[in-house]
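Report on the following structure.
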Amino acid sequence: MSNTSILAHTRPPAKASKEDLLQWMSTSLNRFPEPSDLYHISKELYHLGDFGNACHGLELYVEQPGALLPGHHLLGYSYYYNGQLAEAVRQLKKCVKEGFDSDWQLLVELTVQLETTPSPPS
């Protein structure tokens, strides 16, 4: 079963925990997901607008040895669209430092936004 067909037949629970998402992937694949599964399924979730679950899947992916830079890039954008701006900045900085130049503009915009947004009162 290909990754695309998994999402065509079933979707993870809305706002699943990272553990629940991993369990859903394992059940859907009938095996423990490999790093490439984590990336491709999370990328599809991102394209479907399920940014919360995409974040969890991509977090699992970037924790893997040998995770590639596009995973960090997509995680940064998933965090951005999920409203997790500080986390997005961290991922985008990593990408820019490693030569993923297309992330500069969003990184600068988010950094300025975070610096100019007042902190909530303590």
Side-chain angles (χ1 to χ4, degrees):
M1 179 183 282
S2 74
N3 295 336
T4 303
S5 65
I6 289 168
L7 291 169
H9 299 292
T10 181
R11 297 275 170 87
K15 299 182 181 181
S17 69
K18 198 185 297 190
E19 294 77 19
D20 289 342
L21 182 64
L22 188 58
Q23 179 62 44
W24 172 83
M25 286 183 185
S26 296
T27 301
S28 298
L29 292 167
N30 292 318
R31 61 177 168 75
F32 194 79
E34 298 175 5
S36 63
D37 298 318
L38 295 171
Y39 177 76
H40 290 291
I41 293 170
S42 299
K43 183 177 178 181
E44 186 69 20
L45 290 167
Y46 173 89
H47 287 293
L48 291 170
D50 188 350
F51 303 115
N53 282 327
C55 287
H56 288 320
L58 290 162
E59 288 167 352
L60 290 165
Y61 171 74
V62 300
E63 292 169 358
Q64 303 298 309
L68 301 175
L69 203 53
H72 291 275
H73 164 80
L74 194 56
L75 179 55
Y77 274 81
S78 296
Y79 280 144
Y80 169 67
Y81 288 119
N82 203 42
Q84 298 171 266
L85 303 186
E87 291 86 350
V89 166
R90 280 193 288 280
Q91 289 300 317
L92 296 172
K93 277 184 182 177
K94 178 176 179 47
C95 293
V96 167
K97 286 179 183 176
E98 295 189 30
F100 215 86
D101 294 334
S102 65
D103 289 335
W104 267 112
Q105 182 176 352
L106 182 57
L107 176 59
V108 170
E109 290 174 13
L110 289 177
T111 301
V112 169
Q113 182 177 348
L114 287 171
E115 289 175 356
T116 58
T117 303
S119 300
S122 311

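This is a predicted model, so every value here is computed, not measured.
- Summarising the local packing, NZ of K18 is surrounded by more than 12 heavy atoms from other residues, nucleotides or ligands at distances under 6.0 Å.
- Of all heavy-atom pairs between P13 and N53, the closest is O-ND2, 3.0 Å.
- Proximity of P12 to H56: side-chain heavy atoms (C-beta onward) are nowhere separated by under 4.5 Å.
- Note on L48: it clusters hydrophobically with L74, by side-chain heavy-atom contacts below 4.5 Å among ILVMFWY residues.
- L58 CG to S78 OG: the interatomic distance, rounded to the nearest 0.5 Å, is 5.0 Å.
- In this structure, W24 and I41 have side chains that are in contact, with non-hydrogen atoms separated by less than 4.5 Å.
- W104 and Y80 fall within the same hydrophobic cluster, defined by Ile, Leu, Val, Met, Phe, Trp and Tyr side-chain heavy atoms under 4.5 Å apart, directly or through other members.
- L68 and Y79 fall within the same hydrophobic cluster, where Ile, Leu, Val, Met, Phe, Trp and Tyr residues are linked whenever their side-chain heavy atoms come under 4.5 Å apart, directly or through other members.
- Looking at D37 and R31, a side-chain N of the basic residue comes within less than 4.0 Å of a carboxylate O on the acidic one, giving a salt bridge.
- Closest approach of S42 to L38, counting heavy atoms only: OG-O, 2.6 Å.
- Distance check: D50 CG to E44 CD gives 11.0 Å after rounding to the nearest 0.5 Å.
- When all heavy atoms of S28 and T10 are compared, the pair lying nearest together is OG-CG2, 3.7 Å.
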Counting only pairs under 3.5 Å, give me each side-chain donor-acceptor contact of residues 85-101, with atom names and distances, residues two or more places apart or in other chains.
unit_1, atom_1, unit_2, atom_2, d
Q91, OE1, H72, ND1, 2.8
K94, NZ, E98, OE2, 2.7

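- The two residues L7 and R11 make their nearest non-hydrogen contact at O-NE, 3.2 Å.
- Using the six-membered ring where Trp is involved, Y81 and Y77 have ring planes that are tilted, between 30° and 60° apart.
- Every side-chain contact (heavy atoms from CB on, under 4.5 Å) that Q23 has, sequence neighbours left out, goes to T27.
- Considering only residues two or more places apart in sequence or on other chains, P35 meets the side-chain contact (heavy atoms from CB on, under 4.5 Å) condition with Y61, Q64.
- Remark: H73 NE2 to L75 CG distance equals 10.5 Å, nearest 0.5 Å.
- With values rounded to the nearest 0.5 angstrom, L21 atom CG is found 10.0 Å from E59 atom CD.
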